[in-house]
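Single-structure report; data block below.
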Amino acid sequence: MLPRLGSQHKSLKKEEQAIIHTLNVGGEDVTVSKFYGTTVDMSAHSLRIRTRKKLQMGGNVEVVLNLEGHRKPFFLSGVITGMEQSKDDSGYLIHISINQRHDTSLWKKIFH
């Protein structure tokens, strides 16, 4: 389970469509896979996304989110830090820690 942020940080708990891209590099071959999911919990530093596919722990991912009320999608990159089977056995709950090395200022602004 991801730690809850202090009260000074807001988090969104609205379900939104998410597109997850994974990159698999094997020698000279590069494979990009696309998975669809639904956000369960969002904060300035992490995401939890429900998906039907099991993804690799520690894997690097790129997530595209179209949030209601925002004209442009958010492009976030991160690392899969946790995964659990859904309680109803319909898929997986993926925990993603958002990389801070990219400019995420517009994303963080939603939570402040």
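Everything numeric here is computed off the predicted structure, so don't read it as measured data. These numbers come from the heavy atoms of this one structure, side chains and all, not from hydrogens, waters or symmetry mates.
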Problem set entry | With Gln56 via side chain to side chain donor-acceptor pair (under 3.5 Å) - residues at least two apart |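 Scan of Gln56 (side chain to side chain donor-acceptor pair (under 3.5 Å), adjacent residues dropped) gives none.
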Atom [atom1] of [X] and atom [atom2] of [Y]: how far apart are they, to the nearest 0.5 Å?
X	Y	atom1	atom2	answer
Arg48	Ile96	CZ	CD1	11.5 Å
Leu47	Thr81	CG	OG1	10.0 Å
Ile19	Asn66	CD1	CG	7.0 Å
Leu93	Thr38	CG	OG1	11.0 Å
Ile49	Glu16	CD1	CD	11.0 Å
Ser97	Ile80	OG	CD1	11.5 Å

Seminar exercise, completed: So salt bridge (charged side-chain N to carboxylate O under 4.0 Å, His left out) across residues 50-62, not counting sequence neighbours, yields Glu15-Arg50
Problem set entry | Backbone of Gly91 reached by a side-chain donor or acceptor of Ser86 within 3.5 Å | yes
Exercise. Would you find a donor on one side and an acceptor on the other, under 3.5 Å apart, between the side chain of Thr51 and the backbone of Tyr36?
Worked result: yes
Exercise. Do you reckon Val63 sits in the same ILVMFWY cluster as Val79, going by side-chain contacts under 4.5 Å, direct or chained?
Worked result: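 No, Val63 and Val79 fall in different hydrophobic clusters.
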Shortest non-hydrogen separation from [X] to [Y] and the atoms involved:
X	Y	result
Met57	Met83	SD-N, 3.9 Å
Ala18	Thr39	CB-CG2, 4.3 Å
Ser43	Ile98	O-CD1, 4.1 Å

Exercise. Side chains of Thr22 and Phe35: closer than 4.5 Å at any heavy-atom pair?
Worked result: yes
For this session: Sort and list the pairs that fulfil ring-ring contact (aromatic ring centres under 6.0 Å, His included) and have at least one residue in residues 48-74, not counting sequence neighbours.
Result: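 Those involving residues 48-74 are His70-Phe74, Phe74-Trp107.
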